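Working notes for the structure below.
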Amino acid sequence: MSDNNGTAKHSDCFSFEYSFNRKEFLVLAKFLRNCQDKVPVDLENFVTKVEQTVYSSMTINEVEKFYS
C-alpha cells in the first residue's frame with residue numbers, strides 16, 4: 001500500500017533523501033558527539049555512519065582537532 005507520493009504507509013523502514021552541505025554535516029557530527037550520552041540507542045547505526053563519514057573525510061589530525 002502506498003500514498004499519493006509512492007511512499008509505503010505501513011513500513012518498518014523510513015527513508016528520505018537529503019544532501020547536507022559541509023557546514024550542516026559537521027554541525028550534526030559535533031552535536032551527536034557532544035550529546036552522545038543522550039542519543040537513543042536505536043540511533044546507534046545512524047551515529048556510527050555519521051562518525052565514519054567524518055573519519056573518511058578528514059585526516060586523523062583534522063578529526064582530533066575537530067572533536068576537541
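Because the structure is predicted, anything quoted here is derived from the model rather than measured. Numbering starts at 1 and runs along the sequence shown.
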In terms of heavy-atom contacts, does CD of E44 have more than 12 from other residues, nucleotides or ligands at under 6.0 Å?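 12 or below, so no.
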Please say whether more than 12 non-hydrogen atoms of neighbouring residues, nucleotides or ligands are located less than 6.0 Å from CZ in F66.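 Correct, the count exceeds 12.
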Euclidean distance, K49 NZ relative to L32 CG, rounded to 0.5 Å: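 One finds 14.5 Å between CG of L32 and NZ of K49.
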So, taking the atom named OG1 in T59 and the one named NZ in K65, what distance separates them when rounded to the nearest 0.5 Å?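 It comes to 10.0 Å.
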Between the main-chain N or O of N61 and the side-chain N or O of E64, is there a donor-acceptor pair closer than 3.5 Å?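 Looks like no, no N/O pair under 3.5 Å.
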Is there a continuous path of hydrophobic side-chain contacts, each under 4.5 Å between heavy atoms, that joins V54 to L28?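 Result: yes, single cluster for both.
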Hydrophobic cluster membership, V39 vs V27, 4.5 Å side-chain cutoff: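 Not linked; separate clusters.
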Could you report the tightest heavy-atom contact between V50 and F25, atom names first, then the distance?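 Minimum heavy-atom contact is O-CZ, 3.5 Å.
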After noting the C-alpha distance and the side-chain angles of F16 and Y18, does the key distance pass the ring pair (Phe, Tyr, Trp, His ring centres under 6.0 Å) rule? CA-CA 7 Å; F16 65 92; Y18 183 86; 7.1 Å; no
Any side-chain heavy atom of M58 within less than 4.5 Å of one from L26?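 Sidechains of L26 and M58: in contact.
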Pi-cation contact, Y67 with K30 (under 6.0 Å, within 45°):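 Not flagged: K30 not positioned over aromatic ring of Y67.
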